[in-house]
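Here the structure comes first, spelled out in structure tokens, and everything after it is commentary.
Computed over heavy atoms, backbone and side chain alike; hydrogens, waters and symmetry mates excluded.
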Amino acid sequence: MNCLPRVYFSWALLTVAVIPASSGEMYTSLLNVKQAISVERKLIDYLRTYIDQELERLEDIKRFYVKVSDLHTELYKGPGTAMANPLVAFTLIKRLHSEWLNVVYSNEALENTQALRSSYEDKEADLPKLEDLQGAAKGLMRLQDVYALQVTSLVRGRFQRVSNGKPIDIYMPTVSVPLSGDDCFLVGKVAYEQEDYYHSVQWLEESVRLFRGTGGEWSPENEGTLEDALDHLAFSHFKTGNVSYALSLSQELLHYDPMNGRVLQNVEKYEKLLVAASPPRVSGLRRPTTKHVRTRDTYERLCQTQGSQPMHFENPRLFCDYFTNDNPGLLLLPVRREVLSLQPYVVLYHNFITDTEAEDVKRIAQPGLTRSVVAAGEKQATADYRISKSAWLKDSAHSIVGKLDQRISMLTGLNVKHPYGEYLQVVNYGIGGHYEPHFDHATSPSSPVFKLKTGNRVATFMIYLSSVDAGGSTAFIYANFSAPVVEKAAIFWWNLHRNGQGDVDTLHAGCPVLIGDKWVANKWIHEYGQEFQHRCSLNPEE
């Protein structure tokens with residue numbers, strides 16, 4: 001079953017046969033991934049019907065086989081005697097002329113297959129696209145990188161990293177599955193097609209190992225084979241400078257396909273390189289660089305701590321209290337406040353929202369969820385460094401939206417009504433969903449943030465609508481701490497100094513969700529409308 005394009009490469013040039021990909025965004029929202037379960041249930045029903053029909057067809061064929069076999073066992077022992085009977089002779093001629101023809105050229109098998117394909121095609125619009133498969137594979141590789149996970153463990157359904165030379169479980173999921181050789185091949189192939197040999201080598205190594213374990217036996221549902229995995233892995237090792245291993249893998253591939261001219265040519269080239277005076281050195285596996293490489297180490301370290309930095313929270317100036325903000329509406333029911341950081345000022349409000357309210361917000365937002373975008377000059381665009389779907393809720397969408405706005409205003413003392421506050425943005429993260437280091441406030445005069453004509457984003461108020469089992473923390477890069485997801489809580493921080501300048505210490509990131517379904521609601525509050533609520537300082541440097 002070849003659902004994806006094959007990749008063919010030669011010594012000098014990689015030629016990729018690409019099937020045009022229709023837009024796929026299922027992987028960017030776990031809600032959509034969950035909805036795919038019901039689609040597969042339908043497909044299972046269709047396959048069951050097909051199997052039942054095929055079994056009936058095979059029973060008919062078996063019945064015909066038994067009938068004819070019995071004739072040859074009993075009636076035709078003495079051919080001359082049997083054929084003397086004109087009825088026996090007639091049935092033999094008729095059977096050979098038409099019955100065998102009907103069995104051999106029966107359209108029933110084709111009709112059963114066509115019925116299955118037709119049912120499948122009815123659901124095709126709801127199925128993942130090529131972009132979804134690629135996005136899900138990239139999500140696994142992102143989790144591998146950010147949380148330093150071992151591919152060998154992931155393949156076994158475990159989430160482990162090496163510490164002091166030993167693998168340790170960073171999380172034990174209640175439900176997991178091992179990956180097959182074909183699963184690993186597809187992840188490695190996605191990396192390979194991006195010329196990301198750091199990841200392709202690791203995933204294709206596991207693919208080859210697992211395919212070898214099955215004796216190279218092919219299954220009809222598989223996209224790849226042992227030969228495919230060897231082919232891609234050999235060239236990946238060559239591109240990382242490991243020529244000797246590339247040669248060994250290519251020679252193994254020739255065992256299965258001895259007349260493959262391209263592989264024979266590669267073997268010849270590899271051998272020439274190895275006998276040359278100065279063969280290429282093994283450069284080793286190096287992760288691909290990113291534009292966030294300056295902060296990548298800090299970002300990943302903060303994500304790996306999952307909100308646990310004991311040294312940071314030993315600061316005696318940090319505290320917890322019951323907070324009213326001198327608002328009469330909070331006097332009888334103050335909010336539990338936890339100050340996480342003083343610079344930047346970051347505070348967590350516990351039990352800000354109830355379970356019912358959170359479910360209402362998610363339910364209202366679901367129909368409007370679309371791929372999240374980022375600022376790209378004066379416009380907005382999707383990006384791999386933000387994987388989620390979001391929806392914007394106006395006050396008129398549901399009474400709960402207005403109640404949350406009022407609650408936010410009571411806690412912050414700010415005017416959050418539109419246009420001084422943006423509409424409530426509800427976000428659902430996808431597979432390995434994340435948002436790499438960024439500022440919430442605009443850093444360019446041409447930013448779409450200024451379209452409201454109410455200034456920059458002075459503050460962020462983010463509500464956690466769900467819990468997660470692992471990952472998903474909010475990491476403040478320059479402030480050097482991360483805040484874990486706390487269900488029903490809300491986190492607040494100032495994006496701008498009192499003089500209106502952006503606070504660089506608010507550079508933050510949404511760490512990839514390792515296990516769980518992360519939902520948040522963002523309320524961005526703008527400068528204008530806060531003149532008496534958040535006054536400027538007499539000190540222009542403040």
| request: Let me see the working for Leu140 and Leu154 under side-chain contact (heavy atoms from CB on, under 4.5 Å), right down to the final yes or no. | output: CA-CA 9 Å; Leu140 291 181; Leu154 284 173; 5.8 Å; no
| said: Between Tyr478 and Thr295, is the side-chain contact (heavy atoms from CB on, under 4.5 Å) condition met? List the steps. | reply: CA-CA 9 Å; Tyr478 296 141; Thr295 61; 4.0 Å; yes
| query | After noting the C-alpha distance and the side-chain angles of Arg212 and Glu252, does the key distance pass the side-chain contact (heavy atoms from CB on, under 4.5 Å) rule? | reply | CA-CA 11 Å; Arg212 283 172 177 159; Glu252 181 180 351; 2.5 Å; yes
| field | Test log, rule side-chain contact (heavy atoms from CB on, under 4.5 Å), inputs Ser341 and Phe476 | value | CA-CA 10 Å; Ser341 171; Phe476 289 84; over 6 Å; no
| Steps toward side-chain hydrogen bond (donor to acceptor under 3.5 Å, both in side chains) verdict (Asp505, Gln343) | CA-CA 7 Å; Asp505 287 337; Gln343 179 50 42; 2.9 Å; yes
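A cation-pi contact, defined as under 6.0 Å to the ring centre and within 45° of the axis, is absent between Lys523 and Phe461.
A heavy-atom distance below 4.5 Å is found between the side chains of Asp145 and His199. Within the 4.5 Å cutoff, side-chain heavy atoms of Gln150 are placed close to those of Val162. No side-chain heavy atom of Lys272 sits less than 4.5 Å from a side-chain heavy atom of Val243. The shortest distance between side-chain heavy atoms of Val155 and Arg209 falls below 4.5 Å. For the pair Gln134/Gln194, no side-chain contact is recorded, criterion being any heavy-atom separation below 4.5 Å from C-beta on. Looking only at side-chain heavy atoms (C-beta outward), Leu47 and Ile51 come within less than 4.5 Å of each other. Contact annotation: the side chain of Val267 approaches that of Leu247 to within less than 4.5 Å [non-hydrogen atoms, C-beta and beyond].
Side chain of Asp182 to main chain of Glu223: a donor-acceptor pair is present (N/O by atom type, distance under 3.5 Å, no hydrogens or angles). Between the side chain of Thr49 and the main chain of Asp45, a donor-acceptor pair closer than 3.5 Å is present. Remark: side-chain polar atoms of Ser388 are not paired, donor with acceptor, to backbone N or O of Ser372 under 3.5 angstrom. A donor-acceptor pair is defined here as one N or O able to donate and one able to accept, closer than 3.5 Å; no such pair exists between the side chain of Asp469 and the backbone of Gly516. Between the side chain of Asp132 and the backbone N or O of Lys129, at least one donor-acceptor pair lies under 3.5 Å.
The number of heavy atoms from other shown groups lying within 6.0 Å of CD (Glu217) does not exceed 12. Dense packing is recorded around CZ of Arg156, with more than 12 heavy atoms of other residues, nucleotides or ligands lying under 6.0 Å away. Around CD of Glu40, the count of heavy atoms belonging to other residues, nucleotides or ligands within 6.0 Å does not exceed 12.
Taking each heavy atom of Arg48 and Leu55 in turn, the nearest pair found is NH2-CD1, 4.2 Å.
Between atom SG of residue Cys303 and atom CZ of residue Arg296 there is a gap of 12.5 Å, rounded to the nearest 0.5 Å. Interatomic distance, CZ of Arg371 versus OG1 of Thr382, reported as 4.5 Å (0.5 Å rounding). To the nearest 0.5 Å, atom OG of residue Ser200 and atom NE2 of residue His237 are 8.5 Å apart. For the atom pair Gln35 CD and Ser29 OG, the distance stands at 7.5 Å (nearest 0.5 Å). Note that CD of Glu436 is 9.5 Å distant from CD1 of Ile387, once rounded to the nearest 0.5 Å. Summarising the geometry, atom CG belonging to Asn456 is positioned 4.0 Å from atom CZ belonging to Phe450; distances are rounded to the nearest 0.5 Å.
The pair Arg262-Asp231 counts as a salt bridge, with a side-chain nitrogen and a carboxylate oxygen less than 4.0 angstrom apart. With respect to Glu300 and Arg161, no salt bridge is recorded, no charged nitrogen being found less than 4.0 Å from a carboxylate O. For Glu195 and Lys239, the salt-bridge test fails: no basic side-chain N is under 4.0 Å from an acidic carboxylate O. At a threshold of 4.0 Å, the pair Asp228-Lys189 does not count as salt-bridged, since none of the basic side-chain nitrogens sits closer than that to a carboxylate oxygen.
For Tyr270 and Phe238, the ring centers sit closer than 6.0 Å to each other.
Remark: the Asn495 side chain and the Thr460 side chain contain an N/O donor-acceptor pair separated by less than 3.5 Å.
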